[in-house]
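In what follows, chains carry the letters A, B, and so on, assigned in the order in which the sequence lines appear, proteins first and then strands, with residues in each chain numbered from 1. Because only heavy atoms are used, hydrogens play no part in the values below, and waters and symmetry mates are left out as well, while side chains stay in.
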Protein chains: 2
Amino acid sequence: MSLMHYTRDNMAGLLRGHDINPTHQRIEIAHALFSRQEHLSADQVMAIVNTRHSETSKATVYNTLKLFLEKGLVREVIVDPSKVFFDPNTTPHHHIYEVDSGKLSDIDAEHVHISGLPPLPDNMVTEGIDLIVRVRRKA
Amino acid sequence: MSLMHYTRDNMAGLLRGHDINPTHQRIEIAHALFSRQEHLSADQVMAIVNTRHSETSKATVYNTLKLFLEKGLVREVIVDPSKVFFDPNTTPHHHIYEVDSGKLSDIDAEHVHISGLPPLPDNMVTEGIDLIVRVRRKA
DNA sequence: TCAGCAATCTGGACTTTGTCTAATTTCCGG
DNA sequence: CCGGAAATTAGACAAAGTCCAGATTGCTGA
Ligand SMILES: [Mn+2]
Ligand SMILES: [Mn+2]
Ligand SMILES: [Zn+2]
Ligand SMILES: [Zn+2]
């Protein structure tokens, strides 16, 4: 699993497994995210997918990323006020954000413990807990 | 301190204490935030400040909020992909974000403990730790 | 085979949030 | 008062994201 090598061929199966009809564009977009295992913005996905020659429209990139999100194939990371990052890692984990460079990296949730959170009102459920460590280069 | 009542008159002193020249517009913007003690977006500040008659330009609202941020008078909360919230509460605390309604509320950091975070590289310093509990109305 | 149909994709107009700039206004200190 | 620095302003601009109506694609059933 952790040694999985994400080829374009794998992508169709991955998409089907999440109830997503594997079209050419969707395969390319999934491949961009999963072969790199990096946090990418819509713009970056757009650029990657259209490197050779223009293949996929902006509308499709945005629609597809939203679809992936709904189907639980990717996760959204909100750390930069100017753009959303899409994260192919959907296992519970946290993030380190380097504010100067915009570099975003993962912290495994395994050893992190958060205690003392107040109880939620009865009619509420937790959808997720986002922990972001904002760091900066030392002066 | 916790019972502080923020009048417009107080605002001038508060601003001076943070090395901010208290102008009419700055006082109005500070008053919008501190009298409510709520998380406000730039748009909301703009609307509040210009309720009676138009007094403060968009440029000034954005410039002033950025100035307040730099001077440590307010804090930025990045939780919604479409807008930034400004927080008059600068004491260490965390947030609950209700995804449906967009309602944002505070969690006192006092009793929350976060352990097991990996050590940072030597050349990095933590600027802040943001913990956001994303909640949703039960189905 | 192929007409019909639903799903998908597309260019481009549009909206929203935020930034920038050059011109004006406000606020002093001398 | 006068001159200059600080602050404010309108409005042009930019970037991220949404929306729509028309074109394409890929089935499916006669
Ligand atoms: Mn983006
Ligand atoms: Mn705003
Ligand atoms: Zn991640
Ligand atoms: Zn807060």
Side-chain angles (χ1 to χ4, degrees), chain A residues 11-12 15-16 18-33 39-50 52-71 73-87 99 102 104, chain B residues 11-12 15-16 18-33 39-50 52-71 73-87 99 102 104:
Chain A
M11 290 300 106
L15 294 178
R16 276 192 215 95
H18 285 261
D19 259 322
I20 298 167
N21 194 5
T23 66
H24 176 61
Q25 287 87 343
R26 288 170 181 174
I27 288 172
E28 286 302 314
I29 292 171
H31 186 252
L33 283 159
H39 308 88
L40 299 179
S41 66
D43 257 28
Q44 291 176 301
V45 169
M46 180 82 175
I48 290 168
V49 152
N50 290 323
R52 297 187 165 283
H53 43 69
S54 191
E55 286 189 330
T56 305
S57 71
K58 184 171 65 150
T60 297
V61 169
Y62 277 98
N63 288 342
T64 300
L65 289 171
K66 190 184 283 182
L67 178 70
F68 285 4
L69 196 60
E70 283 162 11
K71 298 295 189 176
L73 186 62
V74 302
R75 166 178 169 178
E76 217 177 14
V77 184
I78 299 166
V79 280
D80 182 308
S82 74
K83 67 183 89 169
V84 169
F85 287 101
F86 293 88
D87 191 342
V99 290
L104 185 59
Chain B
M11 289 302 104
L15 294 179
R16 277 193 214 93
H18 285 260
D19 260 323
I20 299 167
N21 195 4
T23 66
H24 176 61
Q25 287 87 341
R26 289 169 180 176
I27 288 171
E28 285 302 314
I29 292 171
H31 185 253
L33 283 159
H39 308 87
L40 299 178
S41 66
D43 257 29
Q44 290 175 301
V45 169
M46 180 82 176
I48 291 167
V49 152
N50 290 324
R52 296 185 166 284
H53 43 69
S54 191
E55 285 189 331
T56 306
S57 72
K58 184 171 66 150
T60 297
V61 168
Y62 277 98
N63 288 343
T64 300
L65 289 171
K66 190 184 282 181
L67 177 70
F68 286 4
L69 196 61
E70 283 162 12
K71 298 294 190 176
L73 186 62
V74 301
R75 164 178 171 180
E76 216 177 15
V77 183
I78 298 164
V79 89
D80 182 308
S82 74
K83 66 183 87 168
V84 169
F85 287 101
F86 294 88
D87 191 341
V99 289
L104 185 59

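A donor N or O paired with an acceptor N or O is not found under 3.5 Å between the base of D:dG11 and the side-chain atoms of B:K58.
Counting any heavy atom pair closer than 4.0 Å across all strands shown, B:T60 reaches a base atom.
Each of B:T56 and A:N63 has a nearest nucleotide on DNA chain D; the 5'-most of these lies closest to B:T56. For the pair A:V61 and B:H24, nearest-nucleotide mapping onto DNA chain C gives the more 5' position to A:V61.
Residue B:Y62 places no side-chain N or O under 4.0 Å from the OP1 or OP2 atom of C:dT19. OP1 and OP2 of C:dT26 both lie 4.0 Å or more from every side-chain N or O belonging to B:Q25. For the OP1/OP2 pair of D:dG17 and a distance below 4.0 Å, the side-chain nitrogens and oxygens of B:S82 include no atom meeting the criterion. Taking side-chain N and O atoms only, A:N21 has a distance below 4.0 Å to OP1 or OP2 of C:dT8.
Closest approach of B:A42 to B:V61, counting heavy atoms only: O-CG1, 3.8 Å. The two residues A:R26 and A:I20 make their nearest non-hydrogen contact at CD-CG2, 3.9 Å. Here the closest heavy-atom approach between residue A:A32 and residue A:L40 is recorded as O-CD1, 3.9 Å.
Listed nucleotides: D:dC19, D:dT8, D:dT9. Nearest to the side chain of A:A59: D:dC19. Listed nucleotides C:dT10, C:dT8, C:dT17 differ in distance to B:D43; the shortest reach to its side chain belongs to C:dT17.
Whole-Å rounding puts the B:R26 CZ to C:dT26 P distance at 15 Å. In this entry the distance linking CG of A:L40 with P of D:dG17 reads 13 Å, nearest Å. The CD atom of A:E55 sits 16 Å away from the C1' atom of C:dT8 (whole-angstrom rounding). For the pair B:F68 CZ and D:dA7 P, the computed distance is 12 Å after rounding to whole Å. To the nearest angstrom, C1' of C:dT19 lies 16 Å from CG of B:L69. Atom P of nucleotide D:dT8 and atom CD1 of B:I27 are separated by 10 Å, given to the nearest angstrom. Summarising the geometry, the separation between CG on B:L67 and P on C:dT19 is reported as 14 Å, rounded to the nearest angstrom. Distance, A:I20 CD1 to C:dT8 P: 10 Å, rounded to whole Å.
From A:L104, atom CG reaches atom OG of A:S41 across 11.0 Å, with rounding to the nearest 0.5 Å. Expressed to the nearest 0.5 Å, how far NZ of B:K58 lies from CG of B:N50 amounts to 12.5 Å.
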